[in-house]
There are 2 protein chains.
Amino acid sequence: MTNSTDGKPGKDAWGEKENKQRVVPTLASIAEQVGVSANTVSRALRAPNTVRPELRKRINIAMEELNYVPNRLAGGLSGTRTDIVGVVVTSLYYSEFASIIDTLQSSLLEHDLQVMLANTRYNPDQELKLVRSILSWRPAAMAIIGIDHPPKVLELLKSSGIPTIEMWDTSGPVIDTAIGFDHQAVGAAQARHLIDRGYRTLAFVGSLRENDRRARKRLLGLETEAIKAGITPVITCTEPIGGSPDLGEKLVLDLLQTHPGIDAIACNSDVVAFGVMRGLRKLGKRVPEDVGVIAFGDNEAAACITPPLTTIRPDRERIGRLTADAIVARINGGEPQTTIVDWKLVARESTQRDAVEPTNAG
Amino acid sequence: MTNSTDGKPGKDAWGEKENKQRVVPTLASIAEQVGVSANTVSRALRAPNTVRPELRKRINIAMEELNYVPNRLAGGLSGTRTDIVGVVVTSLYYSEFASIIDTLQSSLLEHDLQVMLANTRYNPDQELKLVRSILSWRPAAMAIIGIDHPPKVLELLKSSGIPTIEMWDTSGPVIDTAIGFDHQAVGAAQARHLIDRGYRTLAFVGSLRENDRRARKRLLGLETEAIKAGITPVITCTEPIGGSPDLGEKLVLDLLQTHPGIDAIACNSDVVAFGVMRGLRKLGKRVPEDVGVIAFGDNEAAACITPPLTTIRPDRERIGRLTADAIVARINGGEPQTTIVDWKLVARESTQRDAVEPTNAG
DNA sequence: TCGCATAAAGTTATCGCTAACGCAACGCTC
DNA sequence: GAGCGTTGCGTTAGCGATAACTTTATGCGA
């Protein structure tokens, strides 16, 4: 693309690179240009009011001219702390955690904290590898989805000595600080809602990966509540792969073949429910008259499909914001603290069989 | 939570911290424990076969025992290059770029490259701040959404001397390497499809932020193609805020009030289309008979709503994967190169007015 | 006018690691 | 058995910033 026979002047930055090796400016080069010591330049950045205004201005101009970008590898090594916050999620698909990250990142930005992101895809080996990798950057804090981690991950996080915020789930022992909710209670609320609406034969459908402990907690809540109400055992129809509409459709076709009597389906996620409802339509089953469908997640499309989907809405923005707050607080010496964030059961038409009052939880 | 009067032994890592300041192990501490020089420990990590197997084993055991995590601030400062890849996106909501990031991150992981993520939320000032912040970590490469950046961002990226991959859009001058497609062609394809299906009065509805250059390119393509076909000017009905179903519903109600003759709507995103279709239903308009709806993005729910939504499907996984490949190639001395990634017009029922062959593009 | 607090800069010593070089000990060739 | 490449490790010198001192002006009261 660029080749050395092309000697045309006024080339862009890449062309220039070929002639002399680009030298990335350092504090020292700024200092030299201005005629001061490197430390003065450093002060102009970190403690501007300890440098004469006139000098400070000249330093700023020089930095601007040379496109100086501080080297935080050096800064972090020398200083006490970096401004990195490690963020570990289990999935990025289907809006599951995207808006948590979105809110978290922009809240952290206000405190000049930089997100380093990792996605484990529900794989514990990868979780260990990624946590180790992030810790090697000496972050100021870690935020991680879930409270069920491999022992080695727990050990690393604990011995790292940095604040660790566990998000999304609070139902169990935590490392330090947790912000989320109890997933078993969600499952219980789903069951109660279906039962209140007159449904009697419950199934659980969706993705259920070996390491998705939260989904298992929701399923447990569903089963426990069903048993309490004297309902027949909940039929589970799951696959250990990621949730998608196609998976939902496939599973519901299987399910109704083997269990034609099912009259209510709790889905592990909204996107699975989308496929479940498509599958039910193909089978000629009406929702909510023949089969009720409830899900979890409150995907942006949940209110737009036909019929609108009853689902659980976790407050993702709030979790993101509170996590950012907790990180800042812990960095500044605040105490660890577990915070429960409300969720809501949003009753829509997909479970509107009888006009019983909806059961909300919080 | 933990207080110093609690002297109970056998406490967890956090308790221990209060007694003696936790000392994070370094290469030197491992070296001391094993009885070798620090450099030998470093070699055992970076070039294991230059260390005697027996000694290597002892070193590994010591590292495991002390929970050693290398300090890459030091490593990056000392070595030539870090393993960070900066990733800058404009949005995280609504699956817009989540699966690009997902694929990109897991592809990079295979090469032991770590993602540092930033989200500009379509704000150019924040883009500058974030790019500068990421560059200060001396990443090995940058991947960024779009090709329209503020001048200062271009300057920084060019003068940084690192490979920069621009994703999603290829219709214009690029910094280095670009992987994406031509958004104007997408708009043109949308118009052609609607016209082929017999629609004659076109509108463009959705979020249109000042700095969303890609949306403007799609709109331009839509208008250009409409004019070519001798169709009345495209009515635009937009808001400079993020897209959502609620926005779509609001805009379509406004639109049909002022322009009742509209018979086709191109939406800037699928989630907006979800709301548009809900709004049309409220107005008693049938889709696709009275009004055709086409969108952009191929959200996971697009095939599940009623009627299924005709939309444009960009190949996000492919963009993510190719971006990772390009990063690795460029780091290893490969040449810059622009790659066009195919997209597809997925014709579904929301535009099924006449049985004309669908117009696909690639 | 002296003394001393204060402001504004310079000096020096790390931070933890890697790259480059140095140097024994060993084995191989002829 | 002298010469020479290899192997395996130690030594030394930075990387680019920051923190802790030290030094040099400056001001101000007694």
Side-chain angles (χ1 to χ4, degrees), chain A residues 21-59 62-63 66-84 133 135-140 160-161, chain B residues 21-59 62-63 66-84 112 132-133 135-140 160-161:
Chain A
Q21 192 58 36
R22 170 177 313 288
V23 178
V24 181
T26 66
L27 267 193
S29 37
I30 307 287
E32 194 183 5
Q33 168 138 349
V34 179
V36 293
S37 80
N39 200 346
T40 302
V41 181
S42 174
R43 266 189 286 255
L45 279 169
R46 296 180 353 272
N49 52 347
T50 64
V51 177
R52 257 181 313 136
E54 182 268 341
L55 184 55
R56 202 193 311 158
K57 192 183 237 169
R58 278 167 51 213
I59 291 174
M63 293 196 298
L66 298 180
N67 273 328
Y68 173 68
V69 176
N71 184 334
R72 302 218 202 170
L73 298 173
L77 181 59
S78 171
T80 327
R81 189 180 280 139
T82 70
D83 62 0
I84 290 181
S133 173
L135 284 178
S136 74
W137 290 103
R138 299 292 184 265
S160 73
Chain B
Q21 192 59 35
R22 169 179 314 287
V23 177
V24 181
T26 66
L27 268 191
S29 38
I30 307 287
E32 194 183 6
Q33 169 139 348
V34 179
V36 294
S37 79
N39 200 348
T40 302
V41 181
S42 172
R43 265 189 284 255
L45 279 169
R46 295 178 355 270
N49 52 347
T50 64
V51 177
R52 254 182 314 138
E54 182 269 341
L55 184 55
R56 203 192 312 158
K57 192 184 236 164
R58 278 167 49 214
I59 290 175
M63 292 196 298
L66 297 181
N67 273 329
Y68 173 67
V69 175
N71 183 333
R72 300 217 204 171
L73 297 175
L77 183 60
S78 171
T80 327
R81 190 180 280 136
T82 69
D83 62 359
I84 291 181
D112 288 308
R132 196 191 289 277
S133 173
L135 284 177
S136 73
W137 290 103
R138 297 293 183 266
S160 72

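So you know, we letter chains A, B, ... as the sequences are listed, proteins then strands, and number each from 1. Note that the structure is a prediction, hence the values are computed from the model and not measured.
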**Report entry** Minimum side-chain heavy-atom gap B/V34-B/V41 below 4.5 Å
**Finding:** no
Report task. Mind calculating the distance between CG (A/N49) and C1' (C/dT6) to the nearest angstrom? Result -> 14 Å
Query raised in the report: When every nucleotide of nucleotides 19-24 of chain C is labelled 5' to 3' by its protein contacts under 4.0 Å (heavy atoms), B for base, S for sugar-phosphate only, - for none, what sequence of letters results?
Result: BB----
Report task. List for me each residue that meets salt bridge (charged side-chain N to carboxylate O under 4.0 Å, His left out) alongside A/R52, sequence neighbours excluded, and say none if there are none. Result -> A/E54
**Report entry** Closest non-hydrogen atom pair, A/S160 against A/L135
**Finding:** CB-CD2, 3.8 Å
Report summary line: Applied to residues 66-75 of chain A, the salt bridge (Lys or Arg N to Asp or Glu O under 4.0 Å) test, sequence neighbours excluded, yields A/R72-A/D83
Requested in this report: Kindly say whether B/P48 contributes a backbone atom to a donor-acceptor pair with the side chain of B/R56 at under 3.5 angstrom?
Outcome: yes
Query raised in the report: C/dC15 C1' sits how many Å from A/R72 CZ, rounded?
Result: 18 Å
Query raised in the report: What are the residues of residues 28-37 of chain B, sorted by number, that bring a heavy atom to within less than 4.0 Å of DNA chain D?
Result: B/V36, B/S37
Report task. Check side-chain contact (heavy atoms from CB on, under 4.5 Å) between B/S37 and all other residues, then give those that pass, not counting sequence neighbours. Result -> B/N39, B/T40
Requested in this report: Report the distance from atom CG of A/L77 to atom C1' of C/dT18, rounded to the nearest whole Å.
Outcome: 12 Å
Report task. Find which nucleotide of DNA chain D each of B/A74 and B/V51 is nearest to by heavy atoms, and output the residue with the more 5' nucleotide. Result -> B/V51
Report task. Check whether any side-chain heavy atom of B/V24 lies under 4.5 Å from a side-chain heavy atom of B/V69, and answer yes or no. Result -> no
Query - side-chain contact (heavy atoms from CB on, under 4.5 Å) partners of A/R81, counting only residues at least two apart - result: A/A140, A/I331
Query raised in the report: Taking only residues two or more places apart in sequence or in another chain, which ones pass side chain to side chain donor-acceptor pair (under 3.5 Å) with A/T82?
Result: none
Query raised in the report: Who pairs with B/R46 by side chain to side chain donor-acceptor pair (under 3.5 Å), at least two apart in sequence or on another chain?
Result: B/S42
Query raised in the report: With sequence neighbours left out, what residues match A/P25 under side-chain contact (heavy atoms from CB on, under 4.5 Å)?
Result: A/S29, A/L66, A/Y68
Report task. State, to the nearest 10°, the angle formed by the axis through the first five base pairs of the helix from C/dT1-D/dA30 to C/dC30-D/dG1 and the axis through its last five. Result -> 40°
Report task. Could you tell me from which nucleotide to which nucleotide of DNA chain D, 5' to 3', there is an atom under 4.0 Å from chain A heavy atoms? Result -> D/dG16 to D/dA20
**Report entry** Minimal non-hydrogen separation, A/S136 against A/S133, with atom names
**Finding:** OG-O, 2.6 Å
Report task. Kindly say whether A/V51 contributes a backbone atom to a donor-acceptor pair with the side chain of A/R43 at under 3.5 angstrom? Result -> no
Query raised in the report: Touch check for B/L73, heavy atoms < 4.0 angstrom, all strands: base, sugar-phosphate only, or nothing?
Result: nothing
